Amino acid sequence: MPICIEFDYNNAMAEVVGPRHGLTRQLLEDLKERAAKSHKAFLERRATDVGFFKLANTAGRAKELQELAALGDSIAAACENFVILGIGGSALGPACVQRALGHLYYNLLDKAGRNNRPRIFVLDNIDPEFAAELSDVAPPENTCYNVITKSGTTPETLSQFMAFYDCVAAKVGPQKAKEHFVITTNEVKSPLLPLARDFGFRFCTMPDSVGGRFSELTAVGLLPAAVAGFNIVEMVRGAEAAAAVCDSPDLFANPAYLNGAIHYLADTVLHKNISVMMPYSEALRDVADWYRQLWAESLGKRRGEKPHEVCVGQTPVRALGTTDQHSQVQLYVDGPNDKIFTFLCVKKFRREFPVTGGLNAMLQGYEYLSGRDIQDLFEAEFIGTEYALKLAERPSVRITLERVDEAHIGGLLFFLMVQTAFAGMLYGINPFDQPGVETGKNVARALMKGEGSPDAQWLADIRTYQRERLRYPAVAIRTGA
Ligand code: PA5
């Protein structure tokens, strides 16, 4: 099936939203030299330590894709529930693909209700209620758990692994318990690899050169997709189609580079330091969630190529059309003009929902809503929001998918990954690391391990901080003794 993902940037330009808040062709032309340098820098990273671009290769990965599809089928045949244990880049991609390609109410269906595939859950938090309730909803004896962690050291994921292993072992015994787990982890560095090999857990690997948030097209995303029965070759084919266009050094021929450049200029020249992604599609709802992490963790950086601190990065915000028209759009239209909007649209929805007009005689004045599909109102509401933003001089871009299927999702995610990597190069920062999350992790580890551990250096600082922050008494609403 042909693929079409269209990028329309008219409403980011001065001709449409006005000269104060829109970009000019000249600004984009002036960026060409920096864009060429950024393209070169991206190519250099691709040739050395950044591997996600190479994943868009159906022929080169044919055997791997076949094996992942077969593993997915065999897992699907053996369990009623499939639970992903992971966080950040190890959870958001699989969750977004399940939402896009699966049944929108998939967790409410029983196994037979969804092509005889397991119900799929993503446990990306360690809230004890969330975890305990999941073991009620998805009984461990009928469940397969996919432990996804690139590093193999993330405490949240390891504690989930350990806790669910205990739950399964209590039901089926320690020998059989291992059969309920598949580990997805780094092919070279993860401490989970020796565990899997020595103790007989099933495992899949992902390349060391692919970072968590860029890993949806590795086993991280493809195994859960295969378990759900999605066509993973098509997902990679979509990425391949995107890669063919998103490899061009020409800013105006490469939609990923162009959107990266538009966002970079919107931030650095027009002071739009918030990037809102607003899908007009329930299926694409969690693309905005996935993208929020990709954009935030990749571009929010203190240091870059300059010797001084730069502290760059737009704040990404997720919204949903039309739902958030009744929640956020008032702020978007009348509040601070500090945002650029990305609308995700779909040309052909997979289902229709007609309004035939049976209520017309009883509900007069609303005949304009009937005799058509509910999709027509969805589209009209989108145009209305885009136009209202334009009138208020708020820049936006549109990405339109011909339809939501495996190829379009693979293509869209790939487009957004290239956009993010390229924007990182324009900012002159490293979009592939995340040093800012280390302190929190170190402190949590020190608190869990206590005195005498190699991490204990943090404990004295933390105790001082905990004492000193209590200068002001808490103000409480309390009843009773
Ligand atoms: O994008 C990233 O690198 C991070 O968000 C990681 O995915 C996240 O911290 C989880 O790490 P890991 O997959 O090593 O458990």
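All values reported here derive from a predicted model rather than from experimental measurement. In each ligand, atom 1 is the first atom listed, and ligand 1 is the first ligand listed.
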**By side-chain contact (heavy atoms from CB on, under 4.5 Å) - contacts of K40 (at least two apart)** =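 Listed in chain order: E44.
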
**Request:** Ignoring hydrogens and angles, state whether a donor on the side chain of Y165 or Q160 is under 3.5 Å from an acceptor on the partner side chain.
**Result:**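 Q160 and Y165 do not have a side-chain donor-acceptor pair below 3.5 Å.
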
**Prompt:** So, are D289 and R285 salt-bridged, with charged N and O less than 4.0 Å apart?
**Reply:**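 R285 and D289: not salt-bridged.
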
**Message:** Which label fits F382 and F343: parallel for a plane angle under 30°, tilted from 30 to 60°, or perpendicular past 60°?
**Reply:**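 Taking F343 first and then F382, their aromatic rings stand perpendicular (interplane angle over 60°).
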
**Prompt:** Any idea how F7 and F415 line up, ring-wise: parallel (<30°), tilted (30 to 60°), or perpendicular (>60°)?
**Reply:**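 F7 vs F415 ring planes: perpendicular.
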
**Asked** Under a 4.0 Å heavy-atom cut-off, which residues neighbour ligand 1?
**Response**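 These residues qualify: I87, G88, G89, S90, T149, K150, S151, T154, G212, R213, Q293, E297, Q434.
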
**Message:** Counting C-beta onward and ignoring hydrogens, is there a side-chain heavy-atom pair between T153 and P191 closer than 4.5 Å?
**Reply:**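 Yes, close enough: below the 4.5 Å cut-off.
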
